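This report refers to the structure that appears directly beneath it.
Note that the structure is a prediction, hence the values are computed from the model and not measured.
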Amino acid sequence: MPTIADFYVIDGGSFTFSTPEPNPFTPPEVVEYTFSAPAADAGTRSILFLRFHPQGETDCRVEIFLNGTLILGRTLTPGFERSMHVAIPRGLVVPTDNTLSVSKVDGGVVLTVSELVLFFQATIN
C-alpha cells in the first residue's frame, strides 16, 4: 500500500516552566499531552519538531517521553531560541492514546516550549 507524509499538531502554542530552580524534594514540573494518530504507520519512524527558549543564567535539562520511552534528554544553554527535531523509533507512535510528557528536570532558567508537531507516514488505500 502507498504511504504519504502526514502530521499532527500536538500544541501550536507554547507553555512555560516558570519555576526558575526546581525543588530537589519534589518531582519536576511536567506538561503532558494525550493524542491519537490513527493514520500513522507504526512500522515507520516518526519525527517530533519543537522549539525551546531557555532564559536565565545557567543551563537546564529537559526530558521528553513518548509512551513511557525517553526520546529526548538534552541540556540547553540559555539565551537563544532554537528549533529541534527528534527521530522517533518504529512502533513507538500508536494509533490511539499516545502520551507525550515534557519536563524541565533541573536548571535555574525559565524554559518556554512551543510548536510541538509530530510528522509521520500514513498508509493510504
Side-chain angles (χ1 to χ4, degrees):
M1 296 188 128
T3 58
I4 61 168
D6 203 351
F7 69 95
Y8 177 76
V9 178
I10 298 169
D11 187 345
S14 65
F15 59 89
T16 300
F17 294 107
S18 56
T19 308
E21 187 66 47
N23 183 332
F25 301 106
T26 60
E29 186 178 356
V30 176
V31 175
E32 189 170 280
Y33 299 94
T34 301
F35 64 94
S36 295
D41 181 349
T44 62
R45 296 185 74 163
S46 301
I47 301 172
L48 177 68
F49 283 86
L50 67 162
R51 296 179 67 78
F52 294 115
H53 190 190
Q55 300 170 342
E57 300 298 321
T58 62
D59 294 348
C60 73
R61 180 157 180 86
V62 65
E63 292 182 348
I64 300 177
F65 288 84
L66 178 61
N67 296 329
T69 299
L70 179 67
I71 60 170
L72 176 72
R74 186 71 44 97
T75 299
L76 304 172
T77 302
F80 60 94
E81 188 172 18
R82 79 256 358 224
S83 294
M84 199 168 287
H85 67 274
V86 180
I88 300 171
R90 287 179 183 85
L92 201 52
V93 175
V94 295
T96 61
D97 299 324
N98 291 284
T99 302
L100 182 76
S101 302
V102 182
S103 62
K104 185 180 90 168
V105 179
D106 61 15
V109 301
V110 173
L111 175 64
T112 300
V113 182
S114 62
E115 302 171 23
L116 287 92
V117 179
L118 179 71
F119 287 85
F120 54 88
Q121 292 185 29
T123 302
I124 57 173
N125 296 323

Kindly determine whether Leu50 and Ile10 satisfy side-chain contact (heavy atoms from CB on, under 4.5 Å), including the steps that lead there. CA-CA 10 Å; Leu50 67 162; Ile10 298 169; over 6 Å; no

Determine whether a donor-acceptor pair (N or O, by modelled atom type, separation under 3.5 Å) exists between the side chain of Asn67 and the backbone of Leu92. yes

Applying a strict under-4.5 Å side-chain criterion to I, L, V, M, F, W and Y, I'd like to know whether Phe52 and Ile71 cluster together. yes

Leu72, Phe119: one ILVMFWY side-chain cluster at the under-4.5 Å cut-off? no

Do Ile47 and Val62 share a hydrophobic cluster, counting only Ile, Leu, Val, Met, Phe, Trp and Tyr and linking them when any side-chain heavy atoms are less than 4.5 Å apart? no

Residue pair Met84 / Leu76, side-chain heavy-atom distance below 4.5 Å: yes

Arg82 side chain vs Phe80 backbone, donor-acceptor pair below 3.5 Å: yes

Please give me the minimum heavy-atom distance between Arg45 and Ala87, naming the atom from each residue. NH2-CB, 3.3 Å

Heavy-atom pair with the smallest gap, counting every atom of Asp41 and Thr44: O-OG1, 2.9 Å

Just checking Phe120 against Tyr8, ring centres under 6.0 Å apart? no

Evaluate whether atom CD of Glu32 has more than 12 neighbouring non-hydrogen atoms of other residues, nucleotides or ligands under 6.0 angstrom away. yes

Report yes if some heavy atom in the side chain of Phe15 is under 4.5 Å from a heavy atom in the side chain of Leu116; otherwise report no. yes

Between Arg90 (side chain only) and Gly43 (backbone N and O only), is there a donor and an acceptor less than 3.5 Å apart? yes

Do Thr112 and Thr16 have side-chain N/O donor and acceptor atoms under 3.5 Å apart? yes

Locate the shortest heavy-atom distance separating Ala40 from Val93; write the atom from each residue and the value. CB-CG1, 4.0 Å

Where Val30 and Ser101 come nearest, the two heavy atoms and their spacing: CG1-CB, 4.0 Å

Asn98 and Leu100, any side-chain heavy atoms less than 4.5 Å apart: no

Would a single hydrophobic cluster contain both Ile88 and Phe49, if residues Ile, Leu, Val, Met, Phe, Trp and Tyr are joined by side-chain heavy-atom contacts under 4.5 Å? no

Which pair of non-hydrogen atoms, one from Cys60 and one from Pro54, has the smallest distance, and what is that distance? SG-CB, 4.2 Å

Taking every heavy atom of Ser114 against every heavy atom of Ser14, the minimum-distance pair comes out as CB-CB, 3.5 Å

Heavy-atom side-chain proximity of Thr99 to Phe65 below 4.5 angstrom: no

I'd like to know if Leu48 and Val117 are part of one continuous hydrophobic network [Ile/Leu/Val/Met/Phe/Trp/Tyr, side-chain heavy atoms within less than 4.5 Å]. no

Does a sphere of radius 6.0 Å around OH in Tyr33 hold more than 12 heavy atoms from other residues, nucleotides or ligands, not counting ones at 6.0 Å or beyond? yes

